[in-house]
Enquirer: 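First, the structure itself, so that you have it in front of you.
Just so we're on the same page: letters track the sequence lines, and every chain starts at 1.
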Number of protein chains: 2
Amino acid sequence: MTDFLPPIQTTARDDAVLKALAGFVRQEALGPGGKLPTERILAERLKVSRNTVREALTRWEGLGLVERRQGSGTYLKTAVSPDMLHMPLTLAGGNDFTGLMRTLEIRRALEAEAAALCAIRAGKAEIAGIERKLDIMEEAFRTRAGMSSEEDWEFHQAVYRASGNPLFEQIIAAMHELFHRFWEHPLGVRDFGHASFPYHRTIFDRIAARDPDGARAEALKLIATVEDDLKRGAANLKLLDRK
Amino acid sequence: MTDFLPPIQTTARDDAVLKALAGFVRQEALGPGGKLPTERILAERLKVSRNTVREALTRWEGLGLVERRQGSGTYLKTAVSPDMLHMPLTLAGGNDFTGLMRTLEIRRALEAEAAALCAIRAGKAEIAGIERKLDIMEEAFRTRAGMSSEEDWEFHQAVYRASGNPLFEQIIAAMHELFHRFWEHPLGVRDFGHASFPYHRTIFDRIAARDPDGARAEALKLIATVEDDLKRGAANLKLLDRK
DNA sequence: GTGGTTCAATGGTCCAACCAATTTCTGCAC
DNA sequence: GTGCAGAAATTGGTTGGACCATTGAACCAC
């Protein structure tokens with residue numbers, strides 16, 4: 001028998017402030033870029049200290065929801081709603097090889113699932129949109145001798161979106177930021193990412209053919225090539241890193 | 001050529017405090033559960049206001065790195081290092097049926113991958129630990145007529161940990177919070193979760209047998225049963241929800 | 001030992017003031 | 001009127017000090 005006794009909480013000022021603020025945002029239909037009331041006004045209206053307001057806003061700022069500009073005001077960076085769910089992820093030592101491999105393992109899991117779902121659920125228009133991104137990417141790949149990371153990313157995003165589940169895009173987008181630093185400094189591997197190129201079209205083909213398992217398989221192959229590149233880069237690096 | 005010119009920052013008190021604190025943690029070799037210096041002491045030592053210290057700690061608290069206990073002190077919840085990378089995710093609207101199904105799709109992708117990796121990488125001790133959790137859960141299931149959500153969760157956590165990639169646990173733990181609300185109010189489905197019960201042992205068997213594909217397959221079956229339960233619950237709910 | 005009581009330590013909140021960056025207003029030159 | 005420099009107001013950032021609420025340990029009576 002689990003007589004559930006949730007711990008009572010006599011104090012939750014910060015959360016109360018944030019809840020009120022989320023309500024305000026919805027009430028006023030504020031979107032990204034919208035300006036929040038001043039800290040002083042919030043403090044007065046909510047009958048709390050300005051200090052408490054600041055702690056609450058610091059929370060939102062840390063979550064990337066708002067941006068504070070001294071002398072100007074506090075602005076929304078994203079859409080906020082009262083029923084948001086936060087999952088702050090912390091990657092220890094995210095700069096090294098191990099951290100990258102770990103994010104790749106997550107990406108492998110999500111990418112495969114997203115591709116499969118996409119093959120099931122994508123509408124005709126979405127499939128056409130994905131193919132457009134693919135064409136753009138292939139064109140960029142040809143004309144710029146392999147430098148197509150931006151277009152590459154847009155292709156994948158289109159697939160995530162067509163999966164019908166926005167969580168895929170959100171999670172992978174967060175990790176993409178981390179990865180992006182490496183595309184700039186490809187670890188000494190000159191043709192980083194080249195090997196993955198052909199699989200973009202094979203993934204698309206399986207999606208267009210409504211073949212979930214095929215799409216999943218091709219996605220796995222793509223990630224595998226990236227992992228190989230990464231390992232090669234790590235091997236190169238190890239020759240230099242003698243400290 | 002990227003001549004790197006980091007923007008000068010006349011004000012970055014909070015970050016400076018956190019950097020100093022991260023250094024302190026490493027210096028003192030503080031692990032999870034470790035106790036940080038008092039806010040007053042930090043303020044004095046770092047020559048900043050206690051308020052500034054609090055804002056910095058609020059950031060870490062929001063990131064889930066520390067826990068503040070009034071009257072007691074501030075404690076580390078996870079390992080922190082100076083080179084951590086944060087990616088806070090906020091998911092909009094996760095409270096309804098659709099949101100739950102979406103988190104389940106993420107969980108399906110990650111659970112399968114984690115089980116497979118676990119079958120490859122888990123050590124003997126870790127496998128023994130998983131089996132212990134499994135035994136506890138099965139015992140709880142028998143004696144409490146199916147109410148074993150807490151033990152169930154611990155089993156899965158053990159699997160995630162043994163996958164060798166802490167990101168799995170972090171991501172799914174965040175989503176678990178959301179799910180937890182439903183275990184309390186099982187949507188009118190009296191035996192919510194019962195169907196998934198036998199698959200816990202089959203997953204473990206495949207892991208112990210070092211069979212990644214088998215483990216993945218069993219994990220997928222488990223998630224499928226949860227999805228079915230959820231759909232049944234939604235169907236029940238739809239009969240009532242006539243507004 | 002058990003169960004209260006006291007008391008110091010610690011996080012939580014509040015206030016009032018000032019600093020620093022930004023924006024807005026003002027007034028002068030043209 | 002226009003344009004622009006400087007003043008003034010606005011706003012987030014920081015400080016110091018005070019007090020409240022909770023915790024935990026020491027202490028005491030029984």
Enquirer: May I have the distance from B/Glu67 (atom CD) to D/dT23 (atom P), rounded to whole angstrom?
Expert: 12 Å

Enquirer: Taking side chain to side chain donor-acceptor pair (under 3.5 Å) as the test, write out the residues that go with B/Asp135, two or more places apart.
Expert: B/Arg201

Enquirer: Indicate yes or no for a side-chain donor-acceptor contact from A/Glu105 to the backbone of A/Arg102 under 3.5 Å, with no hydrogens or angles considered.
Expert: no

Enquirer: Whole-Å distance between D/dG16 C1' and B/Glu55 CD?
Expert: 15 Å

Enquirer: Considering only nitrogen or oxygen atoms on both sides, find all protein atoms under 3.5 Å from nucleotides 7-10 of chain C and state each distance.
Expert:
residue : atom : partner : partner atom : Å
C/dT10  : O2   : B/Gly71 : N            : 3.1

Enquirer: Using the closest heavy atom to pick a nucleotide of DNA chain C for each, name whichever of A/Tyr75 or A/Asn51 lands nearer the 5' end.
Expert: A/Asn51

Enquirer: With heavy-atom distances below 4.5 Å as the criterion, would you say the side chains of B/Leu134 and B/Glu151 are in contact?
Expert: no

Enquirer: Roughly how many Å is it from CH2 in B/Trp60 to P in C/dG11, rounded to a whole number?
Expert: 14 Å

Enquirer: For a quick test of reading the model: is some side-chain N or O of B/Arg54 closer than 4.0 Å to OP1 or OP2 of C/dG11?
Expert: no

Enquirer: State whether a side-chain donor-acceptor pair under 3.5 Å links B/Tyr160 with B/Gln170.
Expert: no

Enquirer: Show me, pair by pair, the donor-acceptor contacts under 3.5 angstrom made by side chains of residues 27-39 of chain B, not counting sequence neighbours?
Expert:
residue : atom : partner : partner atom : Å
B/Glu39 : OE1  : B/Arg50 : NE           : 3.1
B/Glu39 : OE1  : B/Arg50 : NH2          : 3.1
B/Glu39 : OE1  : B/Arg54 : NH1          : 3.2
B/Glu39 : OE2  : B/Arg54 : NH1          : 2.9

Enquirer: Calculate the interatomic distance between B/Lys47 atom NZ and D/dT14 atom P; express it in whole Å.
Expert: 18 Å

Enquirer: Salt bridge (Lys or Arg N to Asp or Glu O under 4.0 Å) between B/Glu169 and B/Arg161: does it pass, once the steps are laid out?
Expert: CA-CA 7 Å; B/Glu169 189 184 355; B/Arg161 267 193 220 107; 3.2 Å; yes

Enquirer: Taking atom C1' of C/dG12 as reference, at what distance in whole Å does atom CZ of B/Arg50 sit?
Expert: 7 Å

Enquirer: Quick one: which of D/dT15, D/dG13, C/dT13 gets closest to the side chain of A/Asp14?
Expert: C/dT13

Enquirer: A/Leu57 CG to C/dT13 P: how many Å, rounded?
Expert: 14 Å

Enquirer: It should be established whether B/Arg68 places a side-chain nitrogen or oxygen under 4.0 Å from OP1 or OP2 of nucleotide C/dG12.
Expert: yes

Enquirer: Check B/Val17, B/Thr78, B/Val80, B/Thr74 against B/Trp60 for a side-chain contact (heavy atoms from CB on, under 4.5 Å) and give me the one that passes.
Expert: B/Val80

Enquirer: Starting at atom CG of B/Leu42, determine the distance to atom P of C/dG12, rounded to an integer number of angstrom.
Expert: 13 Å

